[in-house]
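In what follows, chains are A, B, ... by sequence order, proteins preceding strands, each numbered from 1.
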2 protein chains.
Amino acid sequence: MKDVWKKFDETEPSHSSIHHLMAVYHLHQKNGYARGIDIANYLNITRGSVSITLTKLRDKNYLTEDENKFYHLTEQGQQLVSSALNKRHIVKRFFSEVLQLPAEVAELDACKIEHLLSNETGEKLICFMGYYLSEKPEVLNFRLGFQQFKYKCQSVAECRLCESDCFFSGKEISKTG
Amino acid sequence: MKDVWKKFDETEPSHSSIHHLMAVYHLHQKNGYARGIDIANYLNITRGSVSITLTKLRDKNYLTEDENKFYHLTEQGQQLVSSALNKRHIVKRFFSEVLQLPAEVAELDACKIEHLLSNETGEKLICFMGYYLSEKPEVLNFRLGFQQFKYKCQSVAECRLCESDCFFSGKEISKTG
DNA sequence: AACTTTTGTTTTATTAATAAAACATCGGTA
DNA sequence: TACCGATGTTTTATTAATAAAACAAAAGTT
């Protein structure tokens, strides 16, 4: 695959745009409406910047503007927001409930990657979490075993999980430490 | 936490820079040296762009330039590369071996998020994979059970795993489909 | 040595996301 | 009604990452 690494910031729409859309969603939930100034305050950027970005998003049919300058997500915009929000949510749960990461790390990491993950990955992760959180006996045993488990990274040569130059080498890693 | 969403492209160094460093690493492995032109070809960008970026990275002490214009990673640069590579590696394995995503999706998603994940998350994921890939009986049972498991997303209201506006709603999701 | 090719650098330009400030408009109130 | 404050828009500027093209230097070839 050519130029995989460039795909990173070629998401359409961009990370920034998605957060503008999520702001609209959030403000509607909270206040029942979303104006430019509200979005600007929420995202902590200027009104001018918001005006420019939202005009583009309007032209691309992610949202509409009514007579009162209130913004509304279109079907298309809402779908993007839902998709990102759901991925963030499930990733965060995986990070905190399976990997046992502190809430802030889980939140931050989930937010950073939410819109980069494919929907396919999101779906599979939901499936996994559905299983992991079930009360099936084999799952309970698995969780119990994991509680006890400590992964001791062997010498660089023997480490099965890292690439060469394993930077965790020598560290003992457990769920909690 | 203020402006979490902005943290996304405030990684230091940037996604692009890290890929320049990874190119140096890769080319050293493959050819034993790394020149500007090689990096440009590898990343599929122009020599001019590489020259500018590498000068900045040199000034920031991520790499050095020798008399022959060959680039070498410093300790600091090597550490960044290792960290990103290890995270990519373990994430990719999680995606393909646990979530059973197709190789290309696993690769692409892993590449997109590699440098955004905290080292802490990388470590915990390694620990999890160390456990998941072990031959412990409770793990084997867990894997077996997961093979069979299908997660059926309930109605929006009942879905335990998505946020409101669950976009997977109604779909049956299994490991393989 | 003169020419050609390869490689590296510099300059000019573009695009996206932003700030800042000027400008425009609208709504209320003195 | 005339002004003030809030909000939205436009203009100008900045930064990072890039391309493209001009330029420079070194290395190889004839």
* Asked: Hey, what's the ring geometry for A:H115 with A:H15, parallel, tilted or perpendicular (30° and 60° as the breaks)?
  -> tilted

Measure from the side-chain heavy atoms of [X] and tell me the nearest of [options].
X	options	value
A:R47	C:dT9, D:dT18, D:dT9	D:dT9
B:S51	C:dA17, C:dT9, D:dT18	C:dT9
B:R35	D:dT9, D:dT10, C:dG8	C:dG8

Just how far, in rounded Å, is [atom2] of [N] from [atom1] of [X]?
X	N	atom1	atom2	answer
A:I37	C:dG27	CD1	P	17 Å
A:K7	D:dT18	NZ	P	15 Å
B:E65	D:dA26	CD	P	14 Å
B:H19	D:dA16	NE2	P	19 Å
B:E67	C:dT7	CD	C1'	17 Å
B:N68	D:dA25	CG	P	18 Å
A:H15	C:dA16	NE2	C1'	14 Å
A:I39	D:dT7	CD1	C1'	13 Å

Between [X] and [N], does any side-chain N or O lie under 4.0 Å from OP1 or OP2?
X	N	value
A:S49	C:dA19	yes
A:K69	C:dC26	no
A:T46	C:dA19	yes

* Position toward the 5' end of DNA chain D (nearest nucleotide), A:Y71 or A:K6 -> A:Y71

* Nearest nucleotide by nearest heavy atom, which residue falls closer to the 5' end of DNA chain D, B:H20 or A:D38? -> A:D38

* Min side-chain heavy-atom separation B:R143-B:E97 under 4.5 Å -> no

What's [X] touching, base or sugar-phosphate or nothing? Going by heavy atoms closer than 4.0 Å.
X	value
A:G36	sugar-phosphate
B:S16	sugar-phosphate
A:T53	nothing

* State which residue, out of B:F128, B:Y131, B:Y132, fulfils the ring-ring contact (aromatic ring centres under 6.0 Å, His included) condition with A:F149. => B:Y131

* Asked: How about A:E10: does its CD atom have over 12 heavy atoms from other parts shown lying under 6.0 Å from it?
  -> yes

* Yes or no on side chain to side chain donor-acceptor pair (under 3.5 Å) for A:N61 and A:T74, after CA distance, side-chain angles and deciding distance? -> CA-CA 7 Å; A:N61 258 297; A:T74 60; 5.5 Å; no

